[in-house]
Amino acid sequence: MGWVPDLNLHRWDLSYAEARALQTTLARQVIQHGDLPEIRYVAGVDVGFEEKGSVTRAAVAVLAFPGLELLDYAVAKVPTQMPYIPGLLSFRECPAILAALSRLTVQPDLLFCDGQGIAHPRRFGVACHIGVLTGLPAIGVAKSRLCGKSAVLPEQKGARAELWDNNELIGNVVRSRTAVRPLYISIGHRISLNTAVHYVEACLTRYRLPETTRWADALASNRGQAVARANQILGR
DNA sequence: GCGACAG
DNA sequence: ATCTTGTCGC
C-alpha cells in the first residue's frame, strides 16, 4: 500500500477472546466525525469465498465521484484463517481486504465497506477496522442488522430512522429504494453519520445497493460478465 | 437457560 | 457467504 504510509497492523492469529479485547481497544481510535474535503474517488470493498470457503477473495472497486465511473479495481485471494462468527467478521475478512487495497493504483478518498461500522456490539465492525488500520475515511454499509433497535421504517425511498443500542445512536436505517429491505449505515472512521448517509445516497442509482458496493460485490464473487465489463472499461 | 446473530 | 430455477409481485 504505497499510498498508505502508516498501516497500523497487528497480529491476526488471535483467540476469540483476544480478538474481542482488541476490538474494544481499537474502538477508541475510531474518529466519529469529519466532513470530508473534496471527494474524488470512492471505493467499494467486498469479500467472497472460493474452494468451499478455504480461500477468501476480496475486491475493491474505485469509482469517480460524483460521476461513478469505474476507474480502477483490484482483487486478492488469501487462505481463510477464521470462520464466520457474529461480531468477529473483520478478523475473517480484513487480511484479504488489505491485500486487495495494496494492489490499487488510485488511492480512494472514502471507503464503503460491506458490513457494520460502529453499529457493532463493541462499536468496531469491519468498516472501523479497515478505517483505523489504513487511516482512510470509511463507512459501514450493511444489508442487515447486527445489533440495535430502530423504529418501523416507511416503505418509501429516502425513509430514514435512527439505530440505537444501549442508549447510544449507532447508525441509520435507510430505505435506498421503495419497498426494498433497508440499508444499515454507520460510521466506519473519520466521518460523521450524516455525512456517511449523504455519500451513500449520492452513490445510489436504480438499485438497492450503492454503485461502489455493487461493483465490489460483482468482482468479489468473480462474476464473469462483471469482470469482463470492468476490464473493457479499463482497457485491460 | 433462551434467543439473536454483519458476511 | 454459499448451494440453486423458476416464479410471484411492485
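Letters go in sequence order (proteins before strands), and every chain restarts at 1.
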Option among A:Arg122, A:Glu18, A:Arg123 that satisfies the side-chain hydrogen bond (donor to acceptor under 3.5 Å, both in side chains) test with A:Gln23 =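 Answer after filtering A:Arg122, A:Glu18, A:Arg123: A:Arg122.
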Identify the heavy atoms of A:Ile170 and A:Cys147 that sit nearest to each other, and give their distance.
->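 Result for this residue pair: CD1-O, 3.9 Å.
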Nearest heavy-atom neighbours spanning A:Ser150 and A:Glu162 =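 Result for this residue pair: CB-O, 3.2 Å.
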Can A:Tyr184 be called stacked on B:dA6 when the rule is centres closer than 5.5 Å and an angle between planes below 30°?
->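 Base of B:dA6: not stacked against A:Tyr184.
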Atom-pair distance (CG on A:Asn222; P on C:dT2), nearest Å =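 Atom CG in A:Asn222 sits about 11 Å away from atom P in C:dT2.
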Given the side-chain rings of A:His33 and A:His189, with only the six-membered ring counted for Trp, is the space between their centroids under 6.0 Å?
->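 So the answer is no for these two rings.
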Classify [X] by what it touches in the nucleic acid, base, sugar-phosphate, or nothing, heavy-atom distance under 4.0 Å.
X	result
A:Leu183	nothing
A:Phe49	sugar-phosphate
A:Gly48	sugar-phosphate
A:Ala179	nothing
A:Gly87	base

Compute whether any side-chain donor of one residue and acceptor of the other, for A:Tyr199 and A:Asp109, lie under 3.5 angstrom apart.
->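 The criterion, which ignores hydrogens and geometry beyond distance, is not satisfied for A:Asp109 and A:Tyr199.
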Interface residues of residues 167-177 of chain A with DNA chain C (non-hydrogen, below 4.0 angstrom) =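 Heavy-atom cutoff 4.0 Å gives no residues at all.
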Which sits closer to the 5' end of DNA chain C, A:Thr178 or A:Asp114, going by the nucleotide each is nearest to?
->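 Per heavy-atom nearest nucleotide, the more 5' residue is A:Asp114.
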Phosphate oxygens OP1/OP2 of [N]: is one of them under 4.0 Å from a side-chain N or O of [X]?
X	N	value
A:Lys52	C:dC3	no
A:Lys143	B:dG7	yes
A:Ser221	C:dA1	no

Options C:dA1, B:dA6, B:dA4, nucleotide nearest the side-chain atoms of A:Arg145 |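 Of C:dA1, B:dA6, B:dA4, B:dA4 is nearest to the side chain of A:Arg145.
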Going by the side-chain contact (heavy atoms from CB on, under 4.5 Å) test, name the single residue among A:Val173, A:Leu163, A:Val174 that passes it with A:Pro182.
->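 Only one of A:Val173, A:Leu163, A:Val174 forms a side-chain contact (heavy atoms from CB on, under 4.5 Å) with A:Pro182, namely A:Val173.
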